[in-house]
Amino acid sequence: MAQSLPFQKDIWELIISQLDCPSLFNDQSYVNGAWVASASGRRFHVTGWLNSQPSEDYPGTGENWASVPENDASDVEPAVQSAQDAFLLYRKTTPRQRSQYLLNWHLLLKEHKNDIAKIITYETGKPLAESAGELDYAISSTWWFAGEADRIQGTYFDSSMPGKKVITIKQPIGVVAALVPWNFPVAMVVRKAAAALAAGCTMIIKPSPETPLSVLSLAHLATQAGFPNGCLNVLTTSLAYTPALSEALCRHALVKKVTFTGSTRIGKLIAKICSDSLTKVTLELGGNCPFVIFDDADLEQAAAALMNLKWRNSGQACISANRVYVQAGVYEKFASMLTELTSKLVVGHGSSSDSTLGPVTTPQSLDRISEQVNDAQIHGARILFGGKRVENTTGYFFQPTIIADATSEMRVTHEESFAPILTFYKFQDESEAIKLANDTPMGLASYVFTKDLDRAWRLLDEIEAGMIGLNTSAITGAESPFGGMKESGYGKEAGKDVAVEEYLVTKAASVAIASRL
Ligand SMILES: O=CCCC(=O)O
């Protein structure tokens, strides 16, 4: 018997009333094309993540406003079985058919962009314009992988041995488990799911406890797009049951691939669990990304790029700039340019059209940010802007914060802040910049601003990161392989061939050809 939890009915009704298509808002898990409760009937609150400033116009007061099933390990078997049954049929569809489903899904996501964006904003607090941008980002993946589905090809070539040919056959790997984060709940799911579905795989998504509702809306639209039942399933659960449910998915014998986006700490745990059965894994992990500005850079260009990158989703992006290294000659000037631009940001809840910087999504983040800022001050940093929680609010707002004169002793240097904190470091020359930028176990993204062509080429060689922005911070796109090196993980999402390859197995067949004589 499904449990019903008290929630803010007025908030729920208000949200539903704001959607053009209220049926997008569902509060059950999605298995085999049906809305289902957890076997235990337990549910958990989607709560406290509305991050609002109390206001008459705006509903979010951190109250419970929805609940969804709290699945546990016992809910894994039926979901995996349905994904496996679907896989046995779906793997036989033609590439053109899969491409068509993806295009249909693309069009539906586009049509419902505003509604899904609203749900994301209510879940995370990010400004509506950013949520809409996330939808644009997500549908660049459906578009791209619709094309990729059509172009999965094996090869044929002569063997090194006489009288032999070799062919390679590409096949979908099987059922995929996707463990996804709350910071870009829709874009991260669609990037993974579109690649897997293009390859002919089926998927079970475990959304983050903060953002189940936006993910559920995607599954609903996938079925409308024509994907057969069981191709895309969503098992929701709470923070408390996330480890057990995730482990059961990773250990299930029919789950042939796990794709995870999240912290390095959890990524390592997943890799360990999957190593028992040698299940294939893609890991998109933490960043701690450097942003390096040389004396010869176009400072206006660098400042605009840094503003876009750093304050996007209140700094809660794995590719955000964590450590900003500025060459001594332009250090003070660049820091003042950024301070001036940052002072124009409007902090507020995402549902207000004036807001340009939203809250952080979890209360734990607030504690971490305050500790990092205090620690930096204790070690001699200057706070050029912000530095504190926003007062008189029930939401999780932190002032956009600029820290100058940071050093390697400070926590902000070694911990990914995942928060609206911008930290400046001074460097003298190119070799020092390279050393500092690479002085981290992480290797996700790096950004370099210089107009010296030779230096640019040297840095592309020397910087240890899976993605590099040269005179730009806009480094992501469905056509560009996304993924890190070092402890930022392995495997690629997006990009030609490489992303779909994560969901394929390659079989090689050697063929002996008898001579006619
Ligand atoms: O937070 C990680 C993903 C961010 C992005 O794809 O731009």
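Counting starts at 1 for both ligands and their atoms, in listed order.
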Does Arg191 have a non-hydrogen atom less than 4.0 Å from ligand 1?
-> yes
Rounded to the nearest 0.5 Å, what's the gap from CG on Leu285 to CG on Leu444? Could you check?
-> 8.5 Å
Nearest neighbour of atom 2 (C) of ligand 1 from the list Cys318, Gly286, Gly477, Ala445, on a heavy-atom basis | Cys318
Met188 neighbourhood, listing ligand 1 atoms whose heavy-atom distance to it stays under 4.0 Å = 3 (C), 6 (O)
Numbering as shown, the atoms of ligand 1 that approach Phe482 to under 4.0 Å (heavy-atom distance) | 3 (C), 5 (C), 6 (O)
Member of Pro212, Pro207, Ser29 meeting the side chain to side chain contact (heavy atoms under 4.5 Å, CB included) criterion with Val234 | Pro207
Gln316 near ligand 1, heavy-atom distance under 4.0 Å?
-> no
At under 4.0 Å between heavy atoms, which part of Asn183 makes contact with ligand 1: side chain, backbone, both or neither?
-> side chain
May I ask you to test the Phe145-Val500 pair for a side-chain heavy-atom distance under 4.5 Å?
-> yes
Give, for atom CE of Met307 and atom CE of Met337, the distance between the pair rounded to the nearest 0.5 Å.
-> 11.0 Å
Note, Arg191 side chain near Ser141 side chain (heavy atom, < 4.5 Å) = yes
Please step through side-chain contact (heavy atoms from CB on, under 4.5 Å) for the pair Leu232 and Trp105, ending with a clear verdict.
-> CA-CA 12 Å; Leu232 202 63; Trp105 198 27; 3.9 Å; yes
Closest non-hydrogen protein atom to atom 7 (O) of ligand 1, residue and atom name please, with distance?
-> Arg312 NH2, 3.0 Å
Which of the numbered atoms in ligand 1 are below 4.0 angstrom from a heavy atom of Ala317?
-> 1 (O)
For atom 6 (O) of ligand 1, the closest protein heavy atom turns out to be Tyr137 OH, 2.5 Å
Leu384 side chain reached by Ile403 side chain, heavy atoms, under 4.5 Å = no
